[in-house]
Amino acid sequence: MTWLAETAMLAHGWRRFLLLLVAGAVAALSVPPFFIVPALFVAFPVLVWALDGAERGRGLLGRVFGPAFRIGFAFGLGYFTVAFHWLGAAFFVDGGVMIAIMPFAIVALAALIALFWGLGCALAHLFWSHSPWRILTLTTFLSAAEWARGHVFSGFPFDLVGYSLTANDDMMQAASLVGVYGLTFLAILLASTPALIWPADGRGWARRLAPFSLAMLVIAAQIGWGNYRLNHTEIAVRDDIKLRLVQPVVYEHSDWSQAVPADVITRLLDLSASRTNPADPGLEGVTHLVWPESSLPFFMSQYPEALARIARALPPNVTLLTGAPREDYEAGGPGYNSILAINSDGEIIASYDKSHLVPFGEYLPYADFFSQFGIRQFVPGANGWAAGDGRRLMSLPDTPAFLAIICYEAIFSGDLGADIDKAQFLFNITNDAWFDGSIGPAQHAHHARVRAVEEGMPLVRAANSGLTFLADPLGRVTASLAPQQVALLDVVPAQRLAGTPFSQWRHWPFLIALLAGLAIAWLSSRRRRA
């Protein structure tokens, strides 16, 4: 390891860029569903050592966008290229030119996000010292960069480093304390401690190993506390609701011209009414029927008979909650990606419009520019898609209030709406069929489970092609369907917990840690200059 430390510190030019690129790619092996957590402890010391040897640029711009920026950018480019590679699966849906541009699009996205890490490392290097406190300096500014990429320009918080510390049910419980951003701060700090072991510099082994040993104790404490919480938290099951989740595997979502509305409705209704065993009462035994996002690849106006057919199929007092596109009332207006609540009389009694749209998926930034290259949004829609008026509760007759979350919205920690404290469970419908065969569906599902742990609420998740499951307020999956399985699942969600530290304090502990880290970084840099 001394050789690696010295190599990282002394490397320059393309050799340093390549070394950091590989180190970032290794770090990405820690993301869901790989969860190779030791990879972080190999990769982040390389980043620290490279910053130890980074030259200081001249002038403000030279120092901000100089060698330290390029080091952070290279590390981030490797990390995000591996972490986001699964997004390329969506390009195979259309084929043709989309496949040809897929590698360039993935690298371009990774490069764009890596700018945050480049800037984070550049700012950290402004306060750099050769004391052990330098790993806290890096942690502070790189965690701030992760916070920024989760919020700036609508945010893209996929694969935050903190998800590496949610590798199992025991470890995941720490999210109830500080959320995934707090875990991001902790993960970077702990993973950087091996940089204090090498090179030796005449220090004894006890002194060199102390920070790393402490990091191992912190992870052991995290696992131990999580195990205690899992075994000593009482979970009560509700008795006022039972949902039937349908996983229909509707592939017409990618090309509406291939959808025959009457046939799609028939398939959904037949599957919904099927019985899993001779004692299964079918729809008579549930209060809510759930169809996932994109299960209706058409507007209701294209098939007005849909509501009548649904009304005939639903027993009295059974409500359908379905993902469906909703047209603007004005002719030629945009569409909305929505959840519609339809009662047994065929009436739409409530709706929720997705408020956080997916860039390039549901809308195309700089559409005039990208359209010149044949690039368009993935989700069909003649007049584009519009964002709803914000995340909010859905309150239906004889139904506990729940928070509606459509697909991508589940990745935003601490940003699930102002009424989150009034919700009894999280209701997430999604369509990950764009990414079938990749790690995307499993990764997306894991992000949603962490939201359940953060908020202390059960999660009901219905996916078009998987993963459909029920999770309790501790994030444990208690019932599920296999990916690409055309099937249904009857579930009864648990009661929400009284509250979690994260649900009460949100991101304040994380932000306070950033301020403390900034103060320590400033003090340690002043001592260096003195």
Side-chain angles (χ1 to χ4, degrees), residues 154 243 245-248 250 252-254 256 259 261 264-265 268 272 288-307 309-311 314 319-343 345-359 361-363 377-397 399 401-412 416-417 419 423 425-434 444 448 460-464 468:
S154 85
L243 304 101
L245 312 182
V246 176
Q247 186 171 283
V250 173
E252 290 91 335
H253 67 273
S254 62
W256 287 13
V264 172
I265 290 290
L268 288 167
S272 302
H288 296 77
L289 174 65
V290 179
W291 294 346
E293 181 190 27
S294 301
S295 52
L296 299 180
F298 55 85
F299 291 109
M300 287 288 189
S301 59
Q302 298 175 5
Y303 185 57
E305 176 65 13
L307 289 176
R309 292 188 62 186
I310 291 170
L314 293 179
T319 301
L320 170 65
L321 296 169
T322 180
R326 188 179 70 82
E327 288 182 293
D328 196 318
Y329 293 111
E330 298 181 6
Y336 295 91
N337 187 355
S338 306
I339 296 174
L340 303 181
I342 304 172
N343 65 15
D345 293 326
E347 300 172 330
I348 299 176
I349 57 175
S351 66
Y352 165 73
D353 299 326
K354 186 176 182 180
S355 61
H356 211 136
L357 302 181
V358 182
E362 292 164 309
Y363 74 95
Q377 66 189 42
F378 284 112
V379 180
N383 299 303
W385 299 92
D389 57 2
R391 296 172 194 171
R392 55 182 172 79
L393 297 181
M394 289 190 74
S395 299
L396 312 175
T399 303
F402 60 88
L403 188 76
I405 307 171
I406 299 178
C407 192
Y408 178 68
E409 294 178 317
I411 71 172
F412 292 90
L416 298 182
D419 295 328
F425 62 91
L426 304 177
F427 180 78
N428 177 213
I429 64 168
T430 187
N431 174 32
D432 293 332
W434 300 96
H444 191 197
V460 176
R461 189 175 195 266
N464 179 23
T468 294

Shortest non-hydrogen contact from [X] toward [Y]:
{"X": "P261", "Y": "Y303", "answer": "CB-CB, 3.5 Å"}
{"X": "A386", "Y": "L357", "answer": "C-CD1, 3.6 Å"}
{"X": "R391", "Y": "S355", "answer": "CG-OG, 3.4 Å"}
{"X": "S301", "Y": "E327", "answer": "OG-OE1, 2.6 Å"}
{"X": "I429", "Y": "G323", "answer": "CD1-CA, 3.5 Å"}
{"X": "I349", "Y": "P397", "answer": "CD1-CD, 4.1 Å"}

Taken in chain and number order and not counting sequence neighbours, the residues that satisfy side chain to side chain donor-acceptor pair (under 3.5 Å) with S338 are D353
Across all chains, not counting sequence neighbours, the side chain to side chain donor-acceptor pair (under 3.5 Å) partners of E305 are R312
Separation between [atom1] of [X] and [atom2] of [Y], rounded to the nearest 0.5 Å:
{"X": "L426", "Y": "N428", "atom1": "CG", "atom2": "CG", "value": "8.0 Å"}
{"X": "Y336", "Y": "D389", "atom1": "OH", "atom2": "CG", "value": "8.5 Å"}
{"X": "F425", "Y": "L403", "atom1": "CZ", "atom2": "CG", "value": "10.0 Å"}
{"X": "I405", "Y": "L416", "atom1": "CD1", "atom2": "CG", "value": "5.0 Å"}
{"X": "T430", "Y": "E293", "atom1": "OG1", "atom2": "CD", "value": "5.0 Å"}
{"X": "L307", "Y": "D345", "atom1": "CG", "atom2": "CG", "value": "11.5 Å"}

Can you check whether [X] reaches [Y] side chain to side chain, under 4.5 Å on heavy atoms?
{"X": "W256", "Y": "P325", "answer": "yes"}
{"X": "L396", "Y": "F402", "answer": "yes"}
{"X": "H444", "Y": "R461", "answer": "yes"}

**Message:** Test side chain to side chain contact (heavy atoms under 4.5 Å, CB included) on C407 and D432; report intermediate values, then the result.
**Reply:** CA-CA 8 Å; C407 192; D432 293 332; 4.3 Å; yes
side-chain contact (heavy atoms from CB on, under 4.5 Å) filter on P248, not counting sequence neighbours, yields V246, V250, L268, L271, P292, S295, N464
Hits for side-chain contact (heavy atoms from CB on, under 4.5 Å) against L314, two or more places apart or cross-chain, chain-then-number order -> L289, I310, V318, L320, S344
Residue set satisfying ring pair (Phe, Tyr, Trp, His ring centres under 6.0 Å) with F412, at least two apart, ordered chain then number -> H356, Y408
Residues passing the ring pair (Phe, Tyr, Trp, His ring centres under 6.0 Å) test with Y352, sequence neighbours excluded, are none
Any donor-acceptor pair under 3.5 Å from [X] side chain to [Y] backbone:
{"X": "N431", "Y": "A433", "result": "yes"}
{"X": "E409", "Y": "K354", "result": "no"}
{"X": "T468", "Y": "A463", "result": "yes"}

Worked verdict on I265 versus L296 for side chain to side chain contact (heavy atoms under 4.5 Å, CB included) = CA-CA 8 Å; I265 290 290; L296 299 180; 3.7 Å; yes
Exercise for review: Step by step, work out the side chain to side chain contact (heavy atoms under 4.5 Å, CB included) result for I348 and R326.
Suggested key: CA-CA 11 Å; I348 299 176; R326 188 179 70 82; over 6 Å; no
I would like to know whether I339 and F427 meet side chain to side chain contact (heavy atoms under 4.5 Å, CB included); could you show each step before the answer? CA-CA 10 Å; I339 296 174; F427 180 78; 4.0 Å; yes
